[in-house]
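Encoded as structure tokens, here's the structure I'll be asking about.
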Amino acid sequence: MTTFRELAPKYSAKEIEEKWYHIWETSGYFTPVVDPNKKPFVIVIPPPNVTGVLHMGHALNNTIQDILIRSNRMKGIPTLWVPGVDHAGIATQNVVEKRLVKEKKTRHTLGREKFVEEVWKWKDEHGSTIVKQLRRLGASCDWSRERFTMDSGLSKSVRETFVRLYEQGLIYRGDYIINWCPRCQTALSDEEAVHRDLKGALYYIKYPLEHSSEHLTVATTRPETMLGDTAVAIHPKDERYKSFHGKKVILPLINRSIPIILDDSVDPDFGTGIVKITPAHDPNDFEMGKRHSLERIKIMNPDGTISKEGGPYEGLDRFEARKRIVHDLEKTELFVKRVDHGHSVGHCYRCDTVVEPYLSKQWFVRMKPLAQRALQAQASGQIKFLPERWTKVYVSWLENIRDWCISRQIWWGHQIPVWYCKSCGDESVMVTRQDPVHCPACGGKELRQDPDVLDTWFSSWLWPFSTLGWPEKTSDLNYFYPTSALVTAQEIIFFWVARMIMAGLQFLDHVPFHTVFIHGTVRVEGGQKMSKSLGNVIDPIEVIDEMGADALRFSMVMLAATDVYLSREKLEMGRNFTNKIWNATRFVFRSLEHDEFILSPASNPKFLSDIDKWILTELDRTAQKMTENLNQFRFFDAASTIYHFFWHSFCDWYLELVKPVLSRPKEDSARRAVESVLVHVLEESIRLLHPLMPFVTEEVWQTLKANIRSELFKPKSIMLASWPISNSLRRFEKETLMVERFQNVVIGIRDLRSRLGLKPLELIQKVMIITKSNELTQAILNFRNEIAAFAHVSELAVGENLKRESGMVGRVYEDLQVFVGGLSKESLNQERERTREKITELEGLVREIDARLQNSGFVSKAPVEVVEQEQARKKEFEERLVSYRENLTLFS
RNA sequence: GGGCGAUUAGCUCAGUUGGUUAGAGCGCUUCCUUUACACGGAAGAGGUCUCAGGUUCGAGCCCUGAAUCGCCCACCA
């Protein structure tokens with residue numbers, strides 16, 4: 001048993017964190033106790049990639065989730081946080097392929113089956129890295145419900161979803177232009193092609209008119225695609241080119257005759273107003289090709305080299321081909337010019353290769369009908385974004401949604417549940433829940449499954465219900481769906497959030513969550529995103545090793561009101577606060593002489609001093625504010641509320657004030673009361689802090705529990721202790737006001753002391769406090785010992801009608817004045833100047849208020865309270881002015 | 001091209017429906033090793049709230065415009 005006396009002088013985060021996390025997990029505290037009479041609080045984790053390692057974005061994201069989970073759990077609500085990992089198709093495949101390269105193997109030499117086995121092996125060995133790291137952060141996920149997007153249950157959800165959508169006519173297969181990554185050799189969705197502005201060039205090339213010496217000049221940024229041109233297009237109303245209508249041009253280098261077509265989509269103002277059309281390599285051209293029934297010539301292989309359709313350029317890499325084509329054209333009269341041209345080019349979000357618009361046969365989900373319901377759900381208030389402005393991002397994406405390309409030409413992922421009959425060909429498509437054994441059309445048994453796998457997001461979008469057992473009607477699904485909140489970053493609103501909402505509505509007729517909380521992006525100081533490739537990463541695990549998880553969590557929350565620009569120094573805030581908590585605890589513990597305390601001291605006020613009542617009142621206010629802040633997802637405000645209370649109210653004032661009391665004998669009743677208050681305030685503070693800083697608070701709480709016999713410590717863990725509930729009966733407003741007066745007196749004396757060059761421990765001979773009422777005089781006298789101790793004063797005079805002595809300087813408050821005497825001439829001169837400045841300042845303020853009060857508009861239109869308030873302020877300032885002016889006369 | 005956000009102390013940012021003399025952390029200055037904590041304590045300096053108009057009795061907050069920065073979206077051949 002840890003005893004109070006044994007509390008280590010230094011907080012050793014590592015040991016304590018490991019100890020408590022292990023106990024929490026093995027005791028099953030993360031697993032909710034289902035209570036049918038209570039509405040549960042549920043979050044599903046944004047599943048990190050199985051290839052991932054914890055970065056600061058995860059640290060922030062999961063800290064916020066854990067705060068919500070832990071605070072709700074303490075409120076006695078059955079609370080579930082579902083953890084899991086995403087199989088991250090392309091990313092994982094890339095990682096494993098890279099490892100194979102070291103062994104001089106490729107996935108093709110291994111074959112599909114062996115390769116997938118390799119990936120599973122890799123997953124088993126390395127895939128749990130991030131899951132372990134989440135534990136180090138303190139995340140109170142229910143690990144007994146941990147899921148993986150490729151596990152059998154989730155695979156079943158994926159299959160069910162695909163089949164349903166297919167049956168509903170919402171999945172189709174077709175030849176379209178998609179984004180193709182020549183390095184990964186797979187299709188990508190529009191969201192996976194990241195557009196970036198690049199410096200490129202616009203090449204002007206003459207296309208000679210057939211049977212004529214005339215020519216048309218086209219402008220293109222991708223000259224290599226001309227190998228696949230099957231037309232040139234002009235705007236039908238473009239007067240310049242009217243005479244070319246119906247004619248043909250000869251494609252240079254290839255010498256193919258291609259038509260001149262008329263199309264409204266041509267912008268006459270761009271380039272020459274003439275555009276070359278490559279239907280197989282450009283989405284616009286593809287559409288135009290459909291309208292004009294143009295041939296589609298694929299001039300590129302999947303690896304980005306020129307295909308045999310490219311004639312003399314066959315085999316060249318696409319960028320090499322571009323250079324060669326430009327070079328070859330330059331040798332003819334057909335090359336006009338090259339001008340610099342900035343344009344936006346898609347890049348593979350996984351490997352950053354420039355993607356190619358590429359014609360191929362892919363599977364798509366028809367998104368419009370799904371988007372419709374998702375928009376409706378938002379409009380009817382079933383979905384709320386926080387902060388609200390993200391609603392607009394969500395809405396405009398859904399309004400402009402395009403079909404989702406879901407097939408990927410990789411091997412790691414959910415293979416598409418589609419079979420083709422070898423004898424009937426690709427047109428006979430079997431899409432079934434059970435693997436088919438024969439072709440329903442011809443009875444043939446030679447079936448072939450579509451080799452493609454599904455986009456990883458096709459499993460992620462089912463996450464809020466697939467993790468709970470859907471499509472089975474499990475009790476988990478019944479009890480925990482829909483979930484309560486989703487916490488994520490802005491980057492995946494499209495990828496994930498919007499699609500989950502669509503899936504929830506489509507498959508369960510209910511939004512998957514009600515609140516979407518979007519937190520900031522973590523960046524490095526200077527503004528870049530934190531990324532490995534930039535080498536500017538601050539590793540959260542290193543920070544945890546060095547400062548502790550609590551420090552990291554607290555700092556992140558304090559910083560994350562908006563996007564976070566992180567630096568090492570900023571993280572010290574949390575470290576320092578952890579240290580403060582630990583040391584305050586040590587102080588409290590070593591001050592305790594008893595082992596039984598009044599654990600709700602506020603209900604026994606007769607034993608309490610005004611100072612006790614003040615700290616209890618502040619504590620109650622803190623509990624109330626924190627609860628409100630957390631309810632509104634205002635994590636920064638919650639954190640700064642408790643930070644301020646604990647550090648500045650509790651440590652700086654209360655602990656210092658009670659030190660003299662704690663030097664009294666054990667039997668002293670005031671001492672006894674103070675001990676109770678200390679235990680009470682400390683205990684409740686750490687309960688308030690627990691969602692933010694789970695480890696240090698558990699350690700402190702358990703030490704209290706081990707040494708104090710009380711109902712309060714009945715729970716086995718602070719995790720299971722109750723969330724403090726604010727109660728006006730625990731507040732002492734009048735005493736609190738008095739303590740604030742007293743604090744002002746102390747601050748005033750200290751200010752004067754420091755201003756007049758007196759050392760902190762140098763005794764001040766005389767302090768005089770002039771009050772405006774006998775009541776206040778008595779109140780101040782109650783604090784005479786504290787004032788003497790705090791301000792180091794040998795003689796203290798308090799009263800309403802005291803005579804100020806010449807040579808004393810003072811500070812003026814609303815209803816009292818503090819004077820200090822025994823000063824040097826130099827100090828007096830300085831203080832005289834300061835008093836003059838103060839007078840000028842107050843005169844200015846009074847003039848301002850006067851102007852306001854004389855403004856008839858203000859008096860007639862402002863609320864009565866505001867007018868009265870202004871009048872009161874004026875009166876107060878004027879009184880202070882009188883005092884300061886009188887003070888001025890005392891300097892002589 | 002469209003949209004969104006930001007602009008408040010030296011730095012990083014709060015400031016919730018308009019209403020006292022605009023706050024915090026870090027940094028800075030002065031003092032203090034007083035037995036919980038120097039990862040600390042006390043005191044202090046520091047702001048024409050980007051600019052220009054407007055609404056209002058009253059604007060950091062609402063409206064219009066401008067500038068600068070950042071982010072997102074987009075089929076700029």
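Values in this document were obtained by computation on a predicted structure and should not be read as measured data. In what follows, chains are A, B, ... by sequence order, proteins preceding strands, each numbered from 1.
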| task | Have a look at A/V266 and say if it touches a base, only the backbone sugar-phosphate, or nothing, with a 4.0 Å heavy-atom cut-off. | result | base
| request: Just call it for A/W647: base, sugar-phosphate, or nothing, with non-hydrogen atoms closer than 4.0 Å on any strand. | output: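 Sugar-phosphate, no base atom in range.
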| field | OP1 or OP2 of B/rG40 under 4.0 Å from side-chain N/O of A/N576 | value | yes
| task | For A/D550 and A/F695, indicate whether the former's side chain and the latter's backbone hold a donor-acceptor pair under 3.5 Å. | result | yes
| Base, sugar-phosphate, or nothing: which does A/I493 touch, judged by heavy atoms less than 4.0 Å apart? |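 Since no nucleic acid heavy atom lies under 4.0 Å of A/I493, the category is nothing.
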| request: Using a heavy-atom cut-off of under 4.0 Å over every strand shown, decide if A/R575 touches base, sugar-phosphate, or nothing. | output: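 Here A/R575 touches the bases of the nucleic acid.
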| query | Between A/R590 and B/rA36, is there a side-chain N or O to OP1/OP2 distance below 4.0 Å? | reply | yes
| field | Pairwise P distance, B/rA6 and B/rC61 [rounded to whole Å] | value | 13 Å
| message | It should be established whether A/H648 places a side-chain nitrogen or oxygen under 4.0 Å from OP1 or OP2 of nucleotide B/rG23. | response |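 So the side-chain polar atoms of A/H648 never come under 4.0 Å of the phosphate oxygens OP1 or OP2 of B/rG23.
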| query | What is the distance from CD of A/Q490 to C1' of B/rC73, rounded to the nearest Å? | reply | 11 Å
| query | Which part of the nucleic acid, if any, lies within contact of A/R873, taking any heavy atom under 4.0 Å across all strands shown: a base, the sugar-phosphate backbone alone, or nothing? | reply | base
| query | Given the side-chain rings of A/Y358 and A/W180, with only the six-membered ring counted for Trp, is the space between their centroids under 6.0 Å? | reply | yes
| task | Applying salt bridge (Lys or Arg N to Asp or Glu O under 4.0 Å), run through A/E786 and A/K659 and close with a yes or a no. | result | CA-CA 10 Å; A/E786 285 81 3; A/K659 277 178 181 174; over 6 Å; no
| task | Would you verify whether the NZ or CZ of A/R590 falls within 45 degrees of the ring axis of A/W582 while also being under 6.0 Å from that six-membered ring's centre? | result |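 Judged by the rule (NZ or CZ under 6.0 Å from the ring centre, within 45° of its axis), A/R590 is not positioned above A/W582.
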| said: With hydrogens left out and only the distance checked, is there a donor-acceptor pair under 3.5 Å joining A/K580's side chain and the base of B/rC37? | reply: yes
| Which nucleotide in B/rG25, B/rA42, B/rC4 has an atom nearest any side-chain atom of A/D652 | B/rA42
| task | Indicate, with a heavy-atom threshold strictly under 4.0 Å, whether A/F270 touches base, sugar-phosphate, or nothing. | result | base
| Ignoring hydrogens and angles, are the base of B/rA36 and the side chain of A/E656 linked by a donor-acceptor pair under 3.5 Å? | yes
| message | Would the distance check show the side chain of A/T272 and the main-chain N or O of A/T217 forming a donor-acceptor pair, the cut-off being under 3.5 Å? | response | yes
| How would you label the contact of A/V866 with the nucleic acid (heavy atoms, under 4.0 Å): base, sugar-phosphate, or nothing? |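 Base: the residue A/V866, judged by heavy atoms under 4.0 Å, touches a nucleobase.
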